[in-house]
Number of protein chains: 2
Amino acid sequence: MARVQRDGGDDAEPTAELPAVRDQGPSAVNGRKVPMAADKVRSIPEAAVARLAVYLRVLSGMAEQGAVTVSSEELATAAGVNSAKLRKDLSYIGTYGTRGVGYEVDVLTVEIERVLGLTRQQKVAVVGIGNLGHALANYGGFPGRGFPVEALFDVDPDLIGIPVGGLPVNHIEDIPDICATRKIAIGVIATPPAAAQAVCDRLVEGGVHCVLNFAPVVLQVPGHVEVRKVDLAIELQILSFHVARNAEQRVSRRTAAARASSNGEVV
Amino acid sequence: MARVQRDGGDDAEPTAELPAVRDQGPSAVNGRKVPMAADKVRSIPEAAVARLAVYLRVLSGMAEQGAVTVSSEELATAAGVNSAKLRKDLSYIGTYGTRGVGYEVDVLTVEIERVLGLTRQQKVAVVGIGNLGHALANYGGFPGRGFPVEALFDVDPDLIGIPVGGLPVNHIEDIPDICATRKIAIGVIATPPAAAQAVCDRLVEGGVHCVLNFAPVVLQVPGHVEVRKVDLAIELQILSFHVARNAEQRVSRRTAAARASSNGEVV
DNA sequence: AGCCGCTTGTGAATGCGTGCACAAAATCCG
DNA sequence: CGGATTTTGTGCACGCATTCACAAGCGGCT
Ligand SMILES: NC(=O)c1ccc[n+]([C@@H]2O[C@H](COP(=O)([O-])OP(=O)(O)OC[C@H]3O[C@@H](n4cnc5c(N)ncnc54)[C@H](O)[C@@H]3O)[C@@H](O)[C@H]2O)c1
Ligand SMILES: NC(=O)c1ccc[n+]([C@@H]2O[C@H](COP(=O)([O-])OP(=O)(O)OC[C@H]3O[C@@H](n4cnc5c(N)ncnc54)[C@H](O)[C@@H]3O)[C@@H](O)[C@H]2O)c1
């Protein structure tokens, strides 16, 4: 699996069509429950969306190796999931497989991209050009995948105007203005925690509906704004929990083994 | 073995005890199914662990502001979750609240830290000291939270020996050796995707049981190794999906509104 | 053509996580 | 001292997610 980043760019295909989110299930229109505002448009599980993105990357790797079709089993193991789960995930976006054969790699790629809204580029702004912000601004993997970084912001006067990754840093008070005029879709917050909420507010003011937050704080946003957080400290703590759990399991297993052996049992 | 270990009550004070992982559910010990190796020791939901880490941070913020006790409602809103969920999460680790009052901030802090295994420091190694690796190595938030970075690795000969964040960079072929001798608990992979698997193998070889992977690849590891991945491209794609979905909802709402208004309905 | 083997797509079963709602506990207050 | 008030801890029900298992469909082979 020789993944080569920078998958050229098949960002072609303006595909003026709608993302075609399925909404009907087995029995779509039966008035059971009718929970007031039955906006049952949202049908594809959040967890599945995350995996679709993984499949997409695996697929692009396979396409590079010249694969034309792929079975659910292959794709699933490559993506590290159960094949049944993969098929169910794919079934949410339509039926693009051929029984007895598998899926056509490029068809599947296009369809997943469409559902994920990747046919249109989503412009990104990064706020807080410190250690992390520099890494993000310089990272080539985002533009290459349809997420061009089109604005940088900071408060530090020494940074304003300096180009980072080919883009000059602007002052945070221009966030609403610039985001609105450049039609920024996604704001990335890499400021210190204390500044994150204020920055977020400015982004929302500028019409940004999606925020990726690296600062370890819980952001407060209006309902129509989607926030995802990446919290490395929490990731480490989850891992730490597993260390502790495993250690304890080892201990209890050892005592169990000791007990067993003292009983003459075989473990 | 019918140990329904309902931690009998207030073992509060003596902190030196084991994490006391609960294992029983409603009907703990009935031989139904008996799925071969019934190591049902793991009882605290993964999702809850992640939230516990969030609570911990909120708590530390509250402690700084001099709060002594906190109610589930306060803590929940500060952490951005439902208060019932918070109480359920806390119930997994024991009963440390006082009805009618709330939780003592420092008691709760200590208990969560214990369950997460944060009473012991977990040593961290970072592999791949590029853009991202530099940011990680320089980040002060990790040591401050009990995760000292104690080893850095790269292949680039220009980097070997150079101190980054006060720690010299070592060559990746020394990973197994150094990780074993320094008792590294967590390995962080920030290399290009193509190198990630090989690096991971070396970490495992060095006795590292936990891996945090920033490279966009699915790592293959033996069963006892825990991997968490942080994949920014996927985060962006999930956000992109929501942009697409919302856009479509807006469209369908608009058409619905048009239809409704043409019918004389009120929307 | 017709059968056979392979793979998809999906009903159904199970399990997990969430949120409600309330009894139990503890404090406060008159 | 007893009841009002507050807040925890959890039983329960519901909905989402995962997994199984298999019929339906497709291509290839004879
Ligand atoms: N560096 C890491 O590896 C790492 C890891 C985990 C989490 N984080 C989090 O990411 C965030 C950034 O980390 P970092 O290491 O890049 O920090 P940093 O201190 O290197 O950079 C912060 C940047 O934000 C700027 N800034 C400060 N106040 C601002 C404001 N009000 N508006 C806009 N910009 C402002 C600063 O000028 C600086 O350039 C922090 O919240 C940190 O906790 C970083
Ligand atoms: N920079 C970002 O903001 C960002 C964002 C998302 C994902 N990522 C991912 O994080 C990883 C690192 O990104 P980066 O921007 O720091 O890349 P980078 O190119 O700046 O750094 C990579 C580093 O890894 C080292 N390296 C190369 N091969 C190695 C090997 N076999 N063993 C050890 N080290 C090796 C290189 O010498 C370099 O120092 C990549 O997988 C990238 O896809 C980065």
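Numbers restart at 1 for each chain; the letters A, B, ... are given by sequence-line order, proteins then strands. Since we're looking at a predicted model, the values are computed, not measured.
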### Query
Thinking salt bridges, do Arg228(B) and Glu46(B) make one under a 4.0 Å N-O criterion?
yes
### Message
I need the CD-P distance between Glu104(A) and dC26(D), as an integer number of Å.
### Response
14 Å
### Summary
Per the under-4.0 Å heavy-atom filter, residues of residues 76-88 of chain B near DNA chain D come out as Arg87(B), Lys88(B)
### Task
Check whether any side-chain heavy atom of Val107(A) lies under 4.5 Å from a side-chain heavy atom of Thr109(A), and answer yes or no.
no
### Query
Does Ile189(B) reach the side chain of Leu203(B), with side-chain heavy atoms less than 4.5 Å apart?
yes
### Message
What is the separation between atom CD on Glu73(B) and atom P on dA21(C), rounded to the nearest whole Å?
### Response
14 Å
### Task
Quickly work out the Leu108(A) CG to dT8(C) P distance and round it to whole Å.
10 Å
Sub-3.5 Å pairs of nitrogen or oxygen atoms, protein against nucleotides 25-30 of chain C:
| unit_1 | atom_1 | unit_2 | atom_2 | d |
| --- | --- | --- | --- | --- |
| dA26(C) | O4' | Arg99(B) | O | 3.3 |

#### Entry: Gap between atoms CZ and P, on Arg51(A) and dC16(D) respectively (whole Å)
15 Å
### Query
Are His209(A) and Val243(B) side-chain neighbours, meaning at least one heavy-atom pair lies under 4.5 Å?
no
### Query
Taking atom P of dA17(D) as reference, at what distance in whole Å does atom CG of Asp89(A) sit?
10 Å
### Summary
Sequence neighbours excluded, the answer for side-chain hydrogen bond (donor to acceptor under 3.5 Å, both in side chains) partners of Gln122(A) is Ser240(B)
### Query
Can you tell me if Gln65(A) uses its side chain to pair, donor with acceptor, with the backbone of Met62(A) under 3.5 Å?
no
### Query
Does a donor on one side chain and an acceptor on the other come within less than 3.5 Å for Arg114(B) and Thr119(B)?
no
### Exercise: do Ser83(A) and Glu73(A) side chains pair donor with acceptor under 3.5 Å
yes
### Query
Is there a side-chain polar atom (N or O) of Tyr103(B) under 4.0 Å from OP1 or OP2 of dG9(D)?
yes
### Message
With a 3.5 Å distance limit and no angle check, can you tell me whether Asn213(A) reaches the backbone of Val217(A) through a side-chain donor-acceptor pair?
### Response
yes
### Query
Taking the side chain of Glu46(A) as heavy atoms from C-beta outward, which of dA17(D), dT8(D), dT18(C) is closest to it?
dA17(D)
### Query
Just how far, in rounded Å, is P of dT7(C) from CD of Glu74(A)?
8 Å
